[in-house]
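Remarks on the structure that follows.
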Amino acid sequence: MVRPPFRAAVARLRIRRRPRTPVASLTAAPRPWVRALGLLAVVVLGAWLGLLAVGSVRTPVGPMDTTMTLRPSATGGTKINVSPLGALHLDSHHAPVRLDVDVDQLDPERSQALVKHPERLSGLQDEVTDDVAAGTRDLAVRSCVAVVTGATALGLAVYRRPRRALAAGGLALALLAASGVSAYATWNPKSVLEPKFSGLLSSAPSVVGDARSIVTDFDVYQQELARLVTNVTKLYDATSTLPVYQPDPATIRVLHVSDIHLNPAAWHIVQSLVEQYEIDVIIDSGDTMDHGTPAENGFLDPARDLGAPYVWVRGNHDSEATQDYLKKLRNVHVLDEGSTVDIAGLRVAGTGDPQFTPDRVRPRGGEEAERRAGGQLAEALRAQQRAGTPVDIAVTHDPTAARETDGSVPLVLAGHVHHRVNELLPQGTRLKVEGSTGGGGLRAVQNEKPEKVRASVLYMDRSTRHLQAWDEITLGGLGLTTAEVSRHLPEENLSKSTPSPSAPTPSP
């Protein structure tokens, strides 16, 4: 009489306990998108490890031994490392891989052969192009093997299933192929026209080359690159006294500086740039001082001994006393209220800032005062045009005033804002605003990070007196240890500088 009810109770207990033991949920497979993300992570990590391990090739390029490597990158491009001088960056392509070329050493025998047989230089650029192409092909094959091997090995270690491991290897190969297609589709042969060099300041002009040659003659530029290859010994042996390419006789070199703000280190930097680039004229768009007091005037004395004529306009931190002191210095040309000077083959006009605000708290006339000053300068420029003596470069301190000159001059320079601006205004005038050549001045040391030192070298055509190209020089840290030189061309010149069909297209 007892057992049936007991069995029934046990049965009811089993029925009740079954829903409370979700064993299936503990062993359920992860969602498909989680598995896909996991596989992708394994593929990317394995491919990267494979490239690090075996994804590079050593190949001769002319007289140099180099190592070529593919590296994962968010932006792509090509990086040429010339230790200990620095690196040359080219915006050659957009893909998730970057081509790194490390110059390892100079082969003595091949170098001596070039020195003893100069006639071989005529074919050096073709030899270099062929060497790079051959190295790139070898690198592509080795990279395929590296990414497939790395992804497959890591997939086998993680999943312990051959099928999953092979899937990881296949996906890695597909991703590399897609990256190659992306690089080919976005390949930019004109990237060699706008290189960015980072490294020692003294070597930068030699690595970047001559702007006039780049703009007008692509073949000449290739020869200069070949010449750089043959001079690697000099680059290593005399990094502080590198020979700079001789400036083209048809090019006028202008150094644009601004906002020195009483930083004495700026004079040494300016003088170094004048000597290294063989500058024809320096243009300072103001704020050389900090408070404009007579006690600061002695700071201006080095301006007369910089090795090039010095053209200056007043900034809002420069007083009338500052301006009067500079007028008395030899080799210095002060511009104000639309006055002009003919210097180094150029006609330059400028006006000083209408406002003097050294303490940054005095009432200001604001943008309206700047616009009035810019309008007066524009009227003076138009008067020069009517007289048959057009101005080539206009200079103001505040960009607001500079914008008022649009349509009355090809190029207008300004400063004030401590960062660079390059803008083609609606009526065709190009506005170039320079950063602080004094790194924001002595006040900048109060900031958490020191402000960078900036200056630009403008290459002007001597016949048309139009801007052909410019190099932006940026000094990092305290402004004395590292340098970056970035080459830029106006859009109209870049479109005209397409390599001729007879000229070999540079390989990455």
Side-chain angles (χ1 to χ4, degrees), residues 14-61 66-81 89-102 104 131-188 191 507-508:
R14 288 177 177 175
I15 293 173
R16 290 173 184 172
R17 291 181 61 186
R18 284 174 185 169
R20 297 179 184 178
T21 54
V23 178
S25 63
L26 296 177
T27 59
R31 295 180 180 180
W33 63 270
V34 175
R35 291 199 304 269
L37 286 179
L39 179 61
L40 183 61
V42 169
V43 167
V44 172
L45 180 59
W48 181 65
L49 292 175
L51 286 176
L52 288 179
V54 295
S56 61
V57 296
R58 291 180 59 86
T59 182
V61 176
T66 68
T67 301
M68 295 184 178
T69 311
L70 285 182
R71 289 283 183 256
S73 170
T75 58
T78 299
K79 181 180 179 182
I80 304 173
N81 298 301
H89 305 263
L90 304 177
D91 188 19
S92 56
H93 62 276
H94 298 284
V97 290
R98 183 187 72 207
L99 174 63
D100 284 1
V101 181
D102 295 314
D104 298 326
D131 290 343
V132 172
T136 304
R137 287 193 295 269
D138 292 344
L139 179 62
V141 174
R142 182 179 287 265
S143 297
C144 289
V145 175
V147 299
V148 170
T149 303
T152 302
L154 187 60
L156 189 61
V158 172
Y159 296 112
R160 302 184 182 278
R161 296 179 182 178
R163 182 175 298 180
R164 282 287 183 87
L166 292 176
L171 181 57
L173 183 61
L175 290 177
L176 182 63
S179 300
V181 172
S182 176
Y184 179 80
T186 59
W187 170 244
N188 177 22
S191 62
S507 182

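For the single chain, residues carry numbers from 1 onward in sequence order.
Here Asp91 contributes atom CG and Thr186 contributes atom OG1; the two are 8.5 Å apart, rounded to the nearest 0.5 Å.
Here the closest heavy-atom approach between residue Ser179 and residue Pro96 is recorded as OG-CG, 3.2 Å.
Side-chain atoms of Ser182 never come within 3.5 Å of backbone atoms of Ala178 as a donor-acceptor pair (strictly under, hydrogens ignored).
With a 4.5 Å cut-off on side-chain heavy atoms, His93 and Thr78 count as touching.
Looking at residues two or more places apart in sequence or on another chain, you find a side chain to side chain contact (heavy atoms under 4.5 Å, CB included) between Arg98 and Arg71, Ser73, Lys79, Asp100.
Here the rule is side chain to side chain contact (heavy atoms under 4.5 Å, CB included) with Leu99, and of Thr69, Leu139, Leu90, Ile80 only Leu139 fits it.
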Pairs under 3.5 angstrom only: tabulate donor-acceptor contacts from the side chains of residues 144-152 to other protein residues two or more places apart or in another chain.
{"from": "Thr149", "atom 1": "OG1", "to": "Val145", "atom 2": "O", "distance (Å)": "2.7"}
{"from": "Thr152", "atom 1": "OG1", "to": "Val148", "atom 2": "O", "distance (Å)": "2.7"}

Name the atoms and distances for all side-chain donor-acceptor pairs under 3.5 Å in residues 43-61, with sequence neighbours left out.
{"from": "Arg58", "atom 1": "NH1", "to": "Asp104", "atom 2": "OD2", "distance (Å)": "3.0"}

